[in-house]
Amino acid sequence: MNEKRVFNFAAGPSAIPEEVLAEAGAEIMNYRGSGMSVMEMSHRSKAFLSIFEETKDTLRRLMKVPEDFEILFLQGGATLQFAMAPMNFITRTGKADYAITGSFAGKAADEAKKYGDIAIAASSKEKNHTYIPAQSELKIREDASYFYYCANNTIYGTEWQYTPEAPAGVPLVADMSSDILTRYVDWSKYALVFAGAQKNMAPAGVTVVFVNKAYIGSALPYTPVMLDYAAMVKGDSMHNTPPCWSIYMMGLIMKWVEKMGGIEAMDARKRQRSKLLYDVIDASSLYKGCAEKGSRSFMNVTFVTGDPELDKRFIAGAKEVGIENVNGHRSVGGMRASIYNAMSIEGAQALADYMVEFEKRG
Ligand code: PMP
């Protein structure tokens, strides 16, 4: 057994702060004198309801979420939101526009095509999704029900560095799975923001949805109740049994984020971590960054050596020094270091040092 914890650069599920794991461990048998584990509690119990409310309140406070947005804790991953968004919002005009900046945005558009007239507002496919289109390149119809984009493209390592502008009256819908809780959101522009929580917020099993209440209540008639935001809001995420354990863990992680200094601290940390790695790439004659400089992600640093065999040696060598999961997504290869909120500066520094050492070693 490996007694030592590694630096885990996995893209999701991902590293969780060690003190949160220790806290959950200490409470696992008997949650604060209740005589049972959170895993064993009724979701209607007083103890769990207080965990639930506190988690929601902390998240609302951290992200400055206004009261006209409801925060939901759902299941089905970010992927289910690819269907829920159109099923709930397409009825406004029957049309919606999508920016295709990676495979998850593409999947979301494919899902939406089942429910309405979907147009591609911009696509970075011709350059293998190595960049984010500029505002001037976005062709958004004035009668679109919404404009959809994926704020951070986990596989390609690109991130929108600006909040897109849509024509007046067209709200934004965004997949923020991999950059949620790393910056503030201008809520006035959005109908919906969602995130699979297993990167920056919690273990897998819960999907966080921020839905603007002004846009709910007109889902397609055949929408299953579990996919209707209005029903989820009405039941306060408890139309059925919610993912209690993941919500509890999210609560601990939210408190950790708050203790660390909130979004400002997460924003500063992401810049520090990613700079350590991009600086090595930019100074190197071995590593090539995959994303164009102006589109680089703070959360997923993607790079290659240009030689797949050397990439393999890099990944195997990293493992030997306690640096795990730096392989690129199976669809693109190369390397990817996912550096979400729980990744320490020390972890990013260890990877940067290894990269320099590997290049020197040749
Ligand atoms: N969107 C993005 C940006 C992602 O990175 C992922 C998963 N890596 C998904 C959607 C899919 O999320 P889930 O597995 O929670 O359905």
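Just so you know, ligand 1 is whichever comes first in the structure, and atom 1 is the first atom listed for that ligand. Just the heavy atoms: all of them, side chains too, but no hydrogens, waters or symmetry mates, feed the values below. In this chain, numbering begins with 1 at the start of the sequence shown.
Looking at residues two or more places apart in sequence or on another chain, you find a side-chain contact (heavy atoms from CB on, under 4.5 Å) between Thr55 and Ile51, Phe73, Ile247, Met250. Among residues two or more places apart in sequence or in another chain, the side-chain contact (heavy atoms from CB on, under 4.5 Å) test is passed with Ala121 by Asp97, Ile140, Phe147.
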Atom pairs and distances, ligand 1 N/O vs protein N/O under 3.5 Å:
| unit_1 | atom_1 | unit_2 | atom_2 | d |
| --- | --- | --- | --- | --- |
| ligand 1 | 1 (N) | Asp175 | OD2 | 2.6 |
| ligand 1 | 5 (O) | Thr154 | OG1 | 2.4 |
| ligand 1 | 5 (O) | Lys199 | NZ | 3.2 |
| ligand 1 | 8 (N) | Lys199 | NZ | 2.8 |
| ligand 1 | 15 (O) | Ala78 | N | 3.0 |
| ligand 1 | 15 (O) | Gln198 | NE2 | 2.9 |
| ligand 1 | 16 (O) | Ala78 | N | 3.2 |
| ligand 1 | 16 (O) | Thr79 | N | 2.9 |
| ligand 1 | 16 (O) | Thr79 | OG1 | 2.5 |

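For the pair Lys275 and Tyr278, the cation-pi criterion (under 6.0 Å, within 45° of the ring axis) is not fulfilled.
What you find for Leu181 and Met266 is that their closest heavy atoms are O-CB, 3.5 Å. When all heavy atoms are compared, the tightest approach of Val225 to Met232 is O-CE, 3.3 Å.
Listed by first and then second residue, the salt bridge (charged side-chain N to carboxylate O under 4.0 Å, His left out) pairs that reach into residues 222-231 come to none, sequence neighbours excluded.
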